[in-house]
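I have placed the structure first, in the form of structure tokens, so that the comments after it can refer back to it.
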Amino acid sequence: MAEIAELAARVLDDPERWPSDPKEAVAVQRRMADRVREEALDVDGVRLVCGLDVSYAKDDPALAAAAVVMDARTLEVVERVAVTAEVAFPYISGLFAFRELPPVLTALTELTTTPDVIVCDGFGVAHPRRFGIASHLGVLLDRPVVGSAKSVLYGRHSVPGEERGSWTPMVAGRSEVVEDSTRLADDGAEVIGRVLRTRTGVKPVYVSVGHRVDLAGSADLILRLSPSYRVPEPIRHADRLCGERRKAYEAEKAQL
DNA sequence: GCGACAG
DNA sequence: ATCTTGTCGC
């Protein structure tokens, strides 16, 4: 069993980590947030990247999680894993790690390869308590994790240029679009993420440090992983895979 | 109290 | 997140 799979299984079996009460979940985040570490990410040295995502329906507790490992340079798929489960925690903005991490960790349990970096669909430290799902997963596994979200939860930022590769910093504060966030960052505001344009003329993605990576390296990696679409390839593949898996799961449940 | 609010 | 046809634009 791969080391990462063993770690995932271990944290899943610890009930202390998965409270069913939102108030306790917040306490867990506050208690764990100071364990987040930022370190240089050698982007050129990244070989395998694992993308994660979860799919669920409106009025059905069925859900599916997927992990897709890809070669960061060729973007060739190396391994695909998908699992199904039932919703065990409601969707609460700021706490969705408690909803998505269990199935995601279950998927990681079946991984046979060891990715150098994991890419999560959501935020890392660009979170009210500096502990979004990417940071949460990173700390649990003590592995490099990058957060890549499609919309804002927390933080002030200005709009980056329309060209692919353009970016602006996200600084701490209630979510708000400002005139010049670069000025705020230069003036000492806490930088929590980066708004990155991965495709010219298309809505940007929001990159933030999850754990054991740095912001510049994370943004560089996300841009490399998004040569053709807005969303980085590993997440796109994981999204497609868990979507298919969930539909298949609902279909077999309907048979019974 | 009011508005905001990752997926 | 998901439900969904057509449609505007490069």
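Labels below follow one simple rule: chain letters A, B, ... track the order of the sequence lines, proteins then strands, and each chain is numbered from 1.
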Roughly how many Å is it from CZ in A:Arg174 to P in B:dA6, rounded to a whole number? 14 Å
Got a second to check how far A:Tyr206's OH is from A:Lys150's NZ, nearest 0.5 Å? 11.5 Å
Look at the side chain of A:Lys58 and decide which nucleotide, out of B:dG7, B:dA6, C:dC3, has an atom nearest to it. C:dC3
Ignoring the backbone of A:Ser175, work out which of C:dA1, B:dA4, C:dT2 is nearest its side chain. B:dA4
Please classify the nucleic acid contact of A:Leu52 as base, sugar-phosphate, or nothing, using heavy-atom distances under 4.0 Å. nothing
Evaluate whether atom NZ of A:Lys253 has more than 12 neighbouring non-hydrogen atoms of other residues, nucleotides or ligands under 6.0 angstrom away. yes
A:Phe96 CZ to C:dA1 C1', straight-line distance once rounded to whole Å: 10 Å
If I take atom CD in residue A:Glu86 and atom P in nucleotide C:dA1, what distance separates them, rounded to the nearest angstrom? 20 Å
Using a 4.0 Å heavy-atom cut-off, does A:Leu63 contact any base of the nucleic acid, only the sugar-phosphate backbone, or nothing at all? nothing
Donor on one side chain, acceptor on other, A:Glu233 and A:Ser226, under 3.5 Å: no
Residue A:Arg246, side-chain atoms from C-beta onward, closest of C:dA1, B:dC5, C:dC3: C:dC3
Taking atom types as modelled and ignoring hydrogens, do the side chains of A:Tyr56 and A:Glu100 form a donor-acceptor contact shorter than 3.5 angstrom? yes
C:dA1 phosphate, OP1 or OP2: any side-chain N/O from A:Lys150 under 4.0 angstrom? yes
Just the rounded figure in Å: distance from P of B:dC5 to OH of A:Tyr206. 11 Å
Nucleotide C:dA1, atom P - distance to CG of A:Leu153 in whole Å: 14 Å
Is A:Ser93 close enough to B:dG7 that one of its side-chain N or O atoms is under 4.0 Å from OP1 or OP2 there? no
Regarding A:Gly94, tell me which of base, sugar-phosphate or nothing describes its non-hydrogen contacts under 4.0 Å with the strands shown. base
Rounded to whole Å, the CD1-C1' distance (A:Ile192 to B:dA6) equals 12 Å
Could you check which of B:dA6, C:dA1, C:dT2 has an atom nearest any side-chain atom of A:Ser55? C:dT2
Using atom CG of A:Leu137 as one end and atom P of B:dA6 as the other, report the distance to the nearest whole Å. 20 Å
Indicate whether any N or O donor in one side chain lies under 3.5 Å from an N or O acceptor in the other, for A:His211 and A:Asp142. yes
A:Tyr91 over B:dG7, stacked by centroid distance under 5.5 Å, angle under 30°: yes
Rounded to the nearest angstrom, tell me the gap between atom CD in A:Glu250 and atom P in C:dT2. 10 Å
